[in-house]
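Notes to accompany the following structure.
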Amino acid sequence: MAAKTKFRGSFTALVTPFKNGSLDEAAFRSLVNWQISEGTNGLVPVGTTGESPTLSHDEHKKVVEWCIEEAKGRVPVIAGAGSNSTKEAIELAQHAEKAGANAVLVVTPYYNKPTQEGMYQHFKAINDAIGIPIIIYNIPPRSVIDMSVDTMKRLWELKNIAGVKDATASMVRVSQQRAAMGEDFNQLSGEDATIIGYMAHGGHGCISVTSNVAPRLCAEFHAAWQKGDTKAALAIHDKLMPLHNNLFIESNPAPIKYAMSLLGKLDETLRLPMVPVSEPTRAAVRSAMVHAGLVN
């Protein structure tokens with residue numbers, strides 16, 4: 001029997017705060033509690049937004065543990081466990097399971113460009129090594145490969161493959177995947193700007209960057225959508241749209257960390273090769289936050 005997840009609504013792809021070159025545990029734990037108090041439906045630590053490429057394995061595991069400890073079961077935690085090394089991805093996924101994660105988010109292997117069969121075998125190996133649900137993370141702009149619907153359908157037959165974080169920005173893909181795998185295949189958008197179209201095509205929610213800085217508005221958007229109040233959902237979407245756009249003028253997570261620093265949530269510190277955003281981007285992000293009513 002395949003694993004099923006019923007993840008719905010706004011899941012935050014959490015940033016990882018740093019201070020003096022190290023993880024800022026206090027800021028991270030505070031962030032988790034703030035997200036939950038603002039209505040966020042779930043948390044996703046140590047993905048791309050969490051700067052996972054520049055965290056050591058020990059740091060990666062600590063952040064997952066802190067998130068699960070601080071969430072205290074109040075919302076589900078989907079732990080990032082991706083790597084372009086299958087062995088490494090298995091190790092991270094096994095740790096997440098042991099730590100108590102509800103599911104793992106596993107990205108398609110980047111840089112080494114596996115074939116569709118290579119991707120199938122990568123995810124099958126992880127599937128066979130753990131006992132919790134796996135959300136496939138399909139993000140062609142970053143990984144350079146695109147998992148086909150046919151490959152996803154093959155994977156859906158395995159016991160732990162539960163859904164997808166779809167960052168293709170293709171509205172067509174949502175419907176194609178729903179036709180191939182059915183309604184039980186948990187479809188979460190990875191593209192904030194296209195979320196209203198994604199939901200209209202049958203999506204279930206979003207793993208969001210914007211919700212780091214606007215958790216309540218993002219959660220309210222999904223609550224309105226789930227109630228069938230498309231007018232209210234569209235009004236919130238319009239309020240958030242400049243943020244959805246401007247948070248990606250420069251590479252994520254530099255803009256979102258700047259935005260969160262304006263709210264006093266963390267230091268605007270990144271690890272190389274990521275650098276703080278330029279002055280024009282700062283102005284654009286701040287303007288979008290004013291539009292959303294987050295700052296004056």
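Sequential numbering from 1 along the given sequence is applied to the chain's residues. Reckoned from all heavy atoms, side chains included, excluding hydrogens, waters and symmetry mates.
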Check your understanding: Is a side-chain donor-acceptor pair under 3.5 Å present for Glu70 with Asn33?
Key -> yes
Exercise for review: May I ask you to decide if Thr16's main-chain N or O and Lys257's side chain share a donor-acceptor pair within less than 3.5 Å?
Suggested key: yes
Practice item. Please report the C-alpha distance between Asp166 and Thr168 in whole Å, then the side-chain angles of each, then the deciding distance to 0.1 Å, and finally whether the side-chain hydrogen bond (donor to acceptor under 3.5 Å, both in side chains) criterion is met. Key: CA-CA 6 Å; Asp166 184 340; Thr168 62; 2.6 Å; yes
**Study point:** Contact check, side chains of Tyr137 and Thr48, non-hydrogen atoms, under 4.5 Å
**Key:** yes
Practice item. Please test Ser10 against Asn41 for side-chain hydrogen bond (donor to acceptor under 3.5 Å, both in side chains), starting from the C-alpha separation and ending with a verdict. Key: CA-CA 5 Å; Ser10 180; Asn41 304 113; 5.1 Å; no
Review point. Any sub-3.5 Å donor-acceptor pair from Ser175's side-chain atoms to Val172's backbone N or O?
Key: no
Check your understanding: Which distance, rounded to the nearest 0.5 Å, do you find between the OG1 of Thr5 and the CG of Asn186?
Key -> 3.5 Å
Check your understanding: Are the side chains of Glu51 and Pro253 in touch, meaning some heavy atoms are under 4.5 Å apart?
Key -> yes
Exercise for review: Decide yes or no for Leu234 and Thr230: does some side-chain heavy atom of the first lie under 4.5 Å from some side-chain heavy atom of the second?
Suggested key: no
Review point. Side-chain contact, heavy-atom cut-off 4.5 Å: Asn246 with Pro255?
Key: no
Check your understanding: Which atom pair, heavy atoms only, marks the closest approach of Ile36 to Ala71?
Key -> CD1-CA, 3.8 Å
Practice item. Please check if the side chain of Glu183 supplies one atom and the backbone of Gly202 the other of a donor-acceptor pair under 3.5 Å. Key: no
Check your understanding: If we only count heavy atoms from C-beta on, is the Tyr258 to Arg282 side-chain gap below 4.5 Å?
Key -> yes
Point to revise | Distance (rounded to the nearest 0.5 Å) between Leu294 CG and Thr210 OG1 | key: 10.0 Å
Check your understanding: Are the side chain of His237 and the backbone N or O of Ala232 linked by a donor-acceptor pair below 3.5 Å?
Key -> no
**Study point:** Leu243 with Met241, same ILVMFWY side-chain cluster at under 4.5 Å
**Key:** no
Point to revise | Check ion pair Asp24-Lys265 (N to O, under 4.0 angstrom) | key: no
**Study point:** Main-chain N/O of Ala214 paired with Glu38 side-chain donor or acceptor, under 3.5 Å
**Key:** no
Check your understanding: Are Gln187 and His201 close enough that some pair of their side-chain heavy atoms sits under 4.5 Å apart?
Key -> no
Point to revise | Under-4.0 Å salt bridge between Lys61 and Glu65 | key: no
Check your understanding: Nearest 0.5 Å, what's the CE-NZ distance between Met119 and Lys113?
Key -> 11.0 Å
Check your understanding: If you take all heavy atoms of Ala219 and Thr40, which pair is closest and at what distance?
Key -> CB-N, 4.3 Å
**Study point:** Pairwise distance CD(Glu250) to CE(Met274) - rounded to 0.5 angstrom
**Key:** 8.5 Å
Check your understanding: Distance-only, no hydrogens or angles: does the Asp238 side chain make a donor-acceptor pair with backbone N or O of Ala235 under 3.5 Å?
Key -> no
Point to revise | Which atom of His204 lies closest to which atom of Leu188, heavy atoms considered | key: C-CD2, 4.3 Å
Practice item. Could you tell me whether a side-chain N or O of Glu97 sits under 3.5 Å from a main-chain N or O of Gly131, the two making a donor and an acceptor? Key: yes
Practice item. To the nearest 0.5 Å, tell me how far Asp184 CG sits from Arg178 CZ. Key: 12.5 Å
Exercise for review: Without swapping roles, check the side chain of Ser143 against the backbone of Ile139 for a donor-acceptor pair under 3.5 Å.
Suggested key: yes
Revision key, fill the gap. Tightest non-hydrogen contact, residues Leu263 and Val295, listed as CD2-CG1, 3.9 Å
Check your understanding: Are Arg29 and Glu69 close enough for a salt bridge, meaning some N to O gap below 4.0 Å?
Key -> yes
**Study point:** Over 12 foreign heavy atoms within 6.0 Å of NZ, Lys231
**Key:** no
**Study point:** same_hphob_cluster(Leu240, Ile195) at 4.5 Å side-chain heavy-atom cutoff
**Key:** yes
Check your understanding: In terms of hydrophobic clustering (I, L, V, M, F, W, Y; side-chain heavy atoms under 4.5 Å; direct or indirect links), are Leu92 and Ile78 co-clustered?
Key -> no
Review point. Where the side chain of Asn212 meets the backbone of Ile256, is there a donor-acceptor pair that is under 3.5 Å apart?
Key: no
Exercise for review: Any chance you could lay out the salt bridge (Lys or Arg N to Asp or Glu O under 4.0 Å) test for Asp128 and Lys124, step after step, and finish with the verdict?
Suggested key: CA-CA 6 Å; Asp128 294 348; Lys124 183 180 186 301; 2.8 Å; yes
Point to revise | Exercise: identify the closest heavy-atom pair between Leu55 and Gly50 | key: CD1-O, 4.0 Å
Exercise for review: Compare all side-chain heavy atoms of Val107 with those of Arg142 and state whether any distance is below 4.5 angstrom.
Suggested key: no
Review point. Nearest 0.5 Å, what's the CD1-CZ distance between Ile161 and Arg154?
Key: 12.0 Å
Check your understanding: Which is it for Ile126 and Ile134 under the side chain to side chain contact (heavy atoms under 4.5 Å, CB included) test, yes or no, and what are the steps along the way?
Key -> CA-CA 9 Å; Ile126 302 163; Ile134 297 166; 4.0 Å; yes
Practice item. Examine distances only and state if a side-chain atom of Asn160 and a backbone atom of Asn127 form a donor-acceptor pair shorter than 3.5 Å. Key: yes
Practice item. Of all the heavy-atom pairs spanning Leu31 and Met260, show the shortest one and how long it is. Key: CD1-CE, 3.3 Å
Point to revise | Joint hydrophobic cluster, Val64 plus Ile207, side-chain heavy atoms closer than 4.5 Å | key: no
Review point. Could Arg271 and Phe18 be counted as a cation-pi pair, given that NZ or CZ must be under 6.0 Å from the ring centre and within 45° of the axis?
Key: yes
Point to revise | Leu43 vs Gln35 side-chain heavy atoms within contact, under 4.5 Å | key: yes
